[in-house]
Structure formats: structure tokens, C-alpha cells
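The structure appears right after this line, and notes come after that.
Treat the numbers as computed from the prediction; the structure is a model and nothing was measured. As the structure lists them, so they are numbered: ligands from 1, and atoms in each ligand from 1. Numbering of residues begins at 1 and proceeds along the displayed sequence.
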Amino acid sequence: MKSRNFIIGAGFTGLTTGIDDDLTLVFEKENFPGGLCASYYIDLSGRKYPGRLSKETFRFERGGGHWIWASARDSQYIEFLKQFSELKFYERKAAVYFRKWDLIVPYPLQFNLNLLPGELKEKIKKDMRNVGETQANSLKEWLYNNFGETLCEIFFFPFNEKYTAGLLDKISLKDEYKTPIIKERIIESLERPSYGQEFGYNPKFFYPVNGLDALIAKMALRANISYEKEVVQIDTKRKEIIFSDGDGFKFDKLISTLPLKTLMQFSGMSDESDFLLHNSLLVLNIGAIRGRMKIDYHWLYIPESKSGFHRIGFYSNVDREFLPESLANDENIISLYVEKAYPMNSKLKQDDLKKSVKDIVEELKEWQIIEKELIVDFTWVPIAYCWESTETPQNYKEIIRNKYKSFGIFSTGRYGKWETQGVIDSIKDGFLAKGWIENG
Ligand SMILES: Cc1cc2nc3c(=O)[nH]c(=O)nc-3n(C[C@H](O)[C@H](O)[C@H](O)COP(=O)(O)OP(=O)(O)OC[C@H]3O[C@@H](n4cnc5c(N)ncnc54)[C@H](O)[C@@H]3O)c2cc1C
């Protein structure tokens, strides 16, 4: 059998790697490209479409709203994407919602503390005298050392416990990007808001005018993709990929965008000490009649909810294009996504997921965010956010990835590198992988 170069996965990383390369074949287990970023459409009768085949459809994304953030340094990647679609730019509107006080505080919370109840502000002021210890082993310690007891108690601990599905004291992440710290600004914001629009996660973002699906479809046309080809095993000695249908292909060079942990499982290596940690995610997509609560934020972080969700995003607050055309001007119609995290290796039955979905929808109604659901759909993401354990030996991931390189396998992309990163970084990874195929 003649060997050649292959890519596993037609998400953003695999598509970028495979673009305009007739000699390299991409294997994708689904029958569509885009991975987590693939948008899909549902009409009011519940019928699903892979693209906007009817104007009377809600647009959703498999992994929930995918807003592409980029800095000025990323202009070449933005230009790359502009070949496939016109892009529309937005400024982030995010906030924290405290249900118990029915209070919305703009994100980053720590720069808008004057909006909190008075007695808490006094406590935070005292806490701030003792914070600033930089040494921290876990995310939990890091949060406590930088924000003190009160802010951790009301937000950082409960939110992150839910988001990491219980891994808060086990992961080594220091999260200064999503959780910016400027002590003076935090203290100052106890007196007056500073809003902090320029700080933190995703301050500006863009989105393709006709949906991510349209952009991805155009990218996919320029790559050589074999759909419904699920890799189940990789023989590193024989340099062979084995598929669920029994096929096998020998490779010269292989780009894998599989999660690093999965690549290890498929090739007989194991992360037996569980240094590579992650959560799993239930993503709900909902089209609904709005409740009494009128929210104009793009997304809300939720520290406490009975049904366990930690974030609600509003597609229709980013753009009314996400709604069916005839409802786009009806301010009573909204579309949203809700994230609920589960511990890694959770094996949920379909009925368990449906029960969670029902509970979340009920809670959204109780909170008056929605009055009535029109469409409810959900996706299960087995590996969603990736972290390393506090026990992880130094350079653990690099050592493993280098070992794979010695077998002719380049493990890359958000999951192949086991990093929490966005689409632009996956595109960068795709270009690097392309270079590796060409030059080694
Ligand atoms: C909940 C959530 C929200 C996010 N929001 C944002 C956001 O707002 N903005 C942003 O920029 N980024 C966001 N991201 C990150 C973004 O999803 C990733 O950066 C991006 O999808 C990574 O692309 P990828 O190609 O590396 O991986 P993936 O999108 O995971 O693509 C991997 C591909 O491999 C295929 N595959 C898997 N297993 C096999 C197999 N065995 N055989 C063959 N094919 C296989 C999959 O079907 C998939 O198509 C978010 C991520 C999550 C989890």
C-alpha cells in the first residue's frame, strides 16, 4: 500500500492545514466539516438543516456561540478568513448575573464592584489588604490569593467549580487572561465603576455575515476531505491509521487534531496518572419567547443555578440574523445557548441528558429569561475545556507531542495541543502544521 500524508479532523485546524493541498487527505468522522464550530439551522417545526436552506430558521452552533476574537497581531489570519466570507465586528457585552440579588454586574466583575451590595464592598475592601500573593499551585489558590475570601465566595469559587466540574483545586491554570487582576483598579472600582471593556476575554470579536457554516463550507471546498471516516486506532510502528469501517491507510506524515488524550488511547499510550484533565459539556441551543427579564448582554456568567449551568449566551443579542427572518424584528423572540459542565469520563445516558435539558429550561423560565421555548436542541461535547493537573511533570505535553513527532505524527489544534484556545489559534496551528508537512 502506498503511503501518503493525512489529516485527522476537518475542524478549523484540519481545514486550514489541508487547504489547497491536493496531495493531503483529511479524514472527518462526521458528514460535515467544522467540528465544534459548525453552525446548523432549525425551523419552527423542529426540522434541522446543515445550512440556511430556509430563511425561516434559527441559526445555532454545535459548541454554542463561536465568536472569533483576534488582536491586531492576528491581522493576517483575519485576512485569510476574509477570502471565505465578509466578517462583521462586535464589541463584547458580558456580565455576571447574581440570581440571589437579581443583580447584573458587567464583566469583569472585579472592575465593577461598586454595584455590589454595601456590606460586601466593606468586606472586599478588607480582603484586598491581604491579597497579591503570587505563588499558587492550583486555580483555586490563585483565585483566593488574588481576590480574597469575599469575591471567591460570591463568584470565583462557585462559578469555577461549575465550569471546571469540580476540578478547581486540581488544575494548575493561572487564568489572568479571562480573569484580569489589577489590584488598584479593583480597589478603585469599589467606589466607582471602571467597566474594563478593554480587559479580559474576547473584548472585540467578529463573526461571518452568513454564519460560520457558510465560511467553513467555502474552506472545505478547497480541501480534500473524506467524510464519515472515523479513526479508531493508530499503529505508530507500522505508521498505519485504522478506521471504524475496517479500512487502513499507511501514512508518511499525519496531522492529528484529535484530543491528545484520545490520540494516546488510539495508539496504545495512556495518560494513566490523569495529568491531562478536562470537563465534558452539555450545550443547549434554545429559540424562545422572551421572559420578563430583558437582557441585552452577549453572555452572562452564572455563579449559582439549581440545574448546574454556568453560562448563558444570547445569539440574538449578538445579531438578529440568528433568528428566523420573519421574527428578526420581534423583540419578544430570542435565541440562546446554555453551558453545563460535567466531570471528565461522565457516561450520561440520553435520558439523563434530556432530564438536565428539561431542568435547565424550567430554571430559565423560573428566572423569567424565557417565557416559552420554541426550539430546544442540545449537543454533548465529551472533551470541551482542557487543563493540566497540578501534579503534571514539567513539559509533559511537549514531551508526548515530540514523541509523536518522532513517529511522523504532529498533534495540534486546541485539543491536539491540549490548550484552551480559540479559533484564530487553531488557524495559526493549521498554518504551522502545513509548514511541517511541507518542510518537516
Ligand atoms: C464550549 C466551547 C465554546 C467555544 N467558544 C469559542 C468562541 O466563542 N470563540 C473561539 O474562537 N473559540 C471558541 N472555542 C474554541 C473552538 O471551538 C476551538 O478552538 C476550535 O473548534 C478548535 O478547532 P479544531 O479543528 O482544533 O478542533 P475541533 O473543532 O474539535 O475539530 C476536530 C475535528 O475532528 C473530528 N474528529 C474527532 N474525532 C475523530 C475521529 N476519531 N476520526 C475522524 N475525525 C474525528 C471532529 O468531528 C472535528 O470535526 C470554544 C470551545 C468550546 C468547547
side-chain hydrogen bond (donor to acceptor under 3.5 Å, both in side chains), that's the test. Do S305 and R99 meet it? Break it down for me.
CA-CA 8 Å; S305 65; R99 169 70 184 158; over 6 Å; no

Test ring pair (Phe, Tyr, Trp, His ring centres under 6.0 Å) on F6 and F27; report intermediate values, then the result.
CA-CA 7 Å; F6 297 108; F27 293 119; 5.0 Å; yes

Working note: W69 + Y77, criterion ring pair (Phe, Tyr, Trp, His ring centres under 6.0 Å); need CA distance, chi angles, decisive distance, verdict.
CA-CA 11 Å; W69 63 93; Y77 305 107; over 10 Å; no

Does Y41 form a ring pair (Phe, Tyr, Trp, His ring centres under 6.0 Å) with Y49? I'd like the steps, not just the answer.
CA-CA 5 Å; Y41 297 80; Y49 305 83; 8.0 Å; no

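Remark: side-chain polar atoms of N112 are not paired, donor with acceptor, to backbone N or O of L109 under 3.5 angstrom. Remark: side-chain polar atoms of W418 are paired, donor with acceptor, to backbone N or O of L277 under 3.5 angstrom.
Note on ligand 1: Y385 sits in its first shell, one or more heavy atoms being nearer than 4.0 Å. Using a 4.0 Å heavy-atom cutoff, T257 is listed among the residues neighbouring ligand 1.
Selection from K29, K417, Q233 by nearest heavy atom to atom 37 (C) of ligand 1 gives K29. Of the candidates F32, W69, F266, it is W69 that places a heavy atom closest to atom 10 (C) of ligand 1. Remark: among candidates I427, V26, N279, L258, the nearest residue to atom 39 (C) of ligand 1 is L258, based on non-hydrogen atoms.
Under the side-chain contact (heavy atoms from CB on, under 4.5 Å) criterion, K306 pairs with E363, E366, sequence neighbours left out.
Interface atoms of ligand 1 facing G422, defined by a heavy-atom separation under 4.0 Å, are 10 (C), 11 (O), 12 (N), 19 (O). Per-residue contacts place G63 under 4.0 angstrom from the following atoms of ligand 1 (heavy atoms of the residue considered): 1 (C), 2 (C), 3 (C). Ligand-side atoms of ligand 1 in range of K229: 42 (N), 43 (C), range being under 4.0 angstrom from any heavy atom. Close approach to G413 involves these atoms of ligand 1, each under 4.0 Å from a residue heavy atom: 26 (O). Residue contact check: Y415 has heavy atoms under 4.0 Å from atoms 27 (O), 30 (O), 53 (C) of ligand 1.
Of all the heavy atoms of E30, the ones lying under 4.0 Å from any atom of ligand 1 belong exclusively to the side chain. For T412, no heavy-atom contact with ligand 1 is shorter than 4.0 Å.
Checked against a 3.5 angstrom limit, the closest N/O atoms of E339 and ligand 1 fall outside it. Below 3.5 Å of separation, one finds no N or O of C37 facing any N or O of ligand 1. When only interatomic distances are considered, the shortest N/O to N/O separation between F12 and ligand 1 falls below 3.5 Å. The N/O atoms of L36, backbone and side chain alike, include one that comes under 3.5 Å of an N/O atom in ligand 1. Residue-to-ligand polar distances place S426 within reach of ligand 1: an N/O pair is separated by less than 3.5 Å. Considering backbone and side-chain N/O of L281, none are found under 3.5 Å from N/O of ligand 1. At least one N/O-N/O distance between E28 and ligand 1 falls below 3.5 Å. Checked against a 3.5 angstrom limit, the closest N/O atoms of T13 and ligand 1 fall inside it.
With F309 as the aromatic partner, K340 does not meet the cation-pi criteria of under 6.0 angstrom to the ring centre and within 45 degrees of the ring axis. Relative to the ring axis of Y40, R52 does not place its NZ or CZ within 45° and under 6.0 Å from the centre. Both cation-pi conditions hold for K253 and W436: the charged atom is under 6.0 angstrom from the six-membered ring centre and inside a 45 degree cone around its axis.
Within a 6.0 Å sphere centred on CD of E86, heavy atoms belonging to other residues, nucleotides or ligands number 12 at most.
Of all the heavy atoms in I234 and L254, the pair that sits closest is CD1-CD2, 4.2 Å.
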